[in-house]
Amino acid sequence: MHAVTSADHVPDPALLDGIERYYDAVPRSAATAEDFGPLTLFVRRGETGWHYYARPTPGHGGPAATAEDVRRVLERQRELGLPEAFEWVAEQNPELRAAVEAAGLAVHEHPLLVLGPQDGTAPAPALPERVEVRVLAADAPELADAVAVPHVAFGAPGTATGGAGAAELAVSAATLTSEGGVARIAQRITDGVSVLAAALEGGDVLCAGQHNPVGSVTEVVGVGTLPSARRRGLALAVTAALVAHARANGVRTVFLSAADEDVARIYRRAGFRPFATALIAEPVAADPQA
């Protein structure tokens, strides 16, 4: 994958600053922020919900993060049993990549795409017969399946159709319900910090995703389609519904990160344009042949 760099274009600094403030603000509704100088580690509160990550500290006025700073955070993550993960925007903190790689982590690139205040949106795609897209309330009977769909989808990454369908969805929904994940999303919907939309066919959830608004900025996240229902335009339709909801509620900037360039092309059809590169650092995967 080719990262968006200054050699291609110079991202809007105001946009980058706004996205960076958003990234810092979102975890604070459900996590404790631990200060490591140039880095901040977010530790989730409670037993359910997302495990968070470390990010650059916005507005840090001291020296840039070093490999030793990264190792200090890694030690804390290991102490707490957390994923060893760092996330940041390449164009905002270009020096961090060398530090995390020197600390032994692998860095993965993901395109960031945006709909800014002046960007028009593409018309919502036509839905297959009997399919509707709805924004779900916290007490919607379809909520558990809608929360579970992305988990099934991301277990079979890519855009090709696959075998996973209703049976796998039922297992995932039951697991997430018993572990409190569905109740957590329901509470976030009630609190107004998450919005969930789903594509349904005859009451069956086929695709779902969320946006998480903070002020005038929101990120579209977790849009996933059951592998058995792919190639029907459902992810694009769910994304369009999330964008429409965000715009109707005063959000000016909508952005998202794509898994790869193939997925990014789908979002370009909805009017999103690439503007930067999200970087995620994790431990180097073990060689299965070793």
Side-chain angles (χ1 to χ4, degrees), residues 48-51 108 110-111 113 122 124-186 188-189 194-212 218-246 254 256-270 272 280:
T48 63
W50 294 296
H51 279 300
H108 309 282
H110 301 275
L113 299 98
L127 290 170
E129 188 178 355
R130 298 183 63 242
V131 173
E132 62 172 334
V133 176
R134 297 203 313 262
V135 172
L136 300 184
D139 60 353
E142 306 90 355
L143 186 67
D145 283 353
V147 172
V149 160
H151 290 262
V152 178
F154 299 150
T159 60
T161 56
E168 290 79 5
L169 179 60
V171 171
S172 181
T175 299
L176 287 166
T177 299
S178 66
E179 293 178 349
V182 176
R184 181 183 62 82
I185 296 297
R188 289 182 60 85
I189 293 172
S194 286
V195 176
L196 189 151
L200 304 99
E201 183 176 44
D204 296 329
V205 178
L206 302 181
C207 177
Q210 300 177 44
H211 81 87
N212 301 313
T218 195
E219 182 181 17
V220 173
V221 298
V223 177
T225 304
L226 280 183
S228 61
R230 286 173 177 162
R231 303 288 182 142
R232 300 175 65 187
L234 302 180
L236 203 58
V238 166
T239 301
L242 293 169
V243 170
H245 181 279
V254 184
L256 55 82
S257 62
D260 53 37
E261 290 294 344
D262 287 339
V263 176
R265 279 193 288 273
I266 295 173
Y267 291 117
R268 288 193 186 100
R269 297 208 300 268
F272 284 86
I280 298 176

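Quick caveat, the model's predicted, so the values are computed rather than measured. The residues of the chain are indexed from 1 along the displayed sequence.
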TODO: Measure from the side-chain N and O atoms of Ser228 to the backbone N and O of Ala164, and report whether any donor-acceptor pair falls under 3.5 Å.
DONE: yes
Task: Pairwise side-chain contact, Leu242 with Val223, heavy-atom cut-off 4.5 Å (strictly under) - done: yes
Task: pair His151-Thr175: side-chain heavy atoms closer than 4.5 Å - done: no
Task: Residues Val254, His211; criterion side chain to side chain contact (heavy atoms under 4.5 Å, CB included); working and verdict - done: CA-CA 9 Å; Val254 184; His211 81 87; 5.9 Å; no
- [ ] Measure across Leu143 and Ala137 and return the closest heavy-atom pair with its distance rounded to 0.1 Å.
- [x] CD1-O, 4.3 Å
Open item on the list: To the nearest 0.5 Å, what is the distance between CG on Asp260 and CZ on Arg265?
Closed with: 8.0 Å
- [ ] Answer whether the closest heavy-atom distance between the side chains of Phe272 and Thr239 falls below 4.5 Å.
- [x] yes
Task: Heavy-atom pair with the smallest gap, counting every atom of Leu176 and Ala148 - done: CD1-CA, 3.6 Å
TODO: List the atom of Val149, the atom of Ala208, and the distance in Å for their closest heavy-atom pair.
DONE: CG1-N, 3.9 Å
Open item on the list: So which atom in Ser172 and which in Val152 form the shortest heavy-atom distance, rounded to 0.1 Å?
Closed with: CB-CG2, 3.8 Å
TODO: Please answer whether the main-chain N or O of Leu113 pairs with a side-chain N or O of Arg268 as donor and acceptor at a distance below 3.5 Å.
DONE: no
Task: Heavy-atom pair with the smallest gap, counting every atom of Val238 and Ala198 - done: CG2-C, 4.2 Å
- [ ] Taking all non-hydrogen atoms of both residues into account, name the closest pair between Glu261 and Pro111 and its distance.
- [x] OE2-CG, 3.6 Å
Task: Pair Glu179 + Arg184: basic N to acidic O under 4.0 Å - done: no
Task: Interatomic distance, Leu200 atom CG to Arg134 atom CZ [nearest 0.5 angstrom] - done: 5.0 Å
Task: Gap separating the CZ atom of Arg188 from the CG atom of Asn212, nearest 0.5 angstrom - done: 5.0 Å
TODO: Working to the nearest 0.5 Å, report the span between CG of Leu169 and CG of Asp145.
DONE: 4.0 Å
TODO: With rounding to the nearest 0.5 Å, note down the distance linking CZ in Arg232 to OG1 in Thr161.
DONE: 11.5 Å
Task: Atom pair CG (Leu136) and CD1 (Ile189), whose distance is rounded to the nearest 0.5 Å - done: 7.0 Å
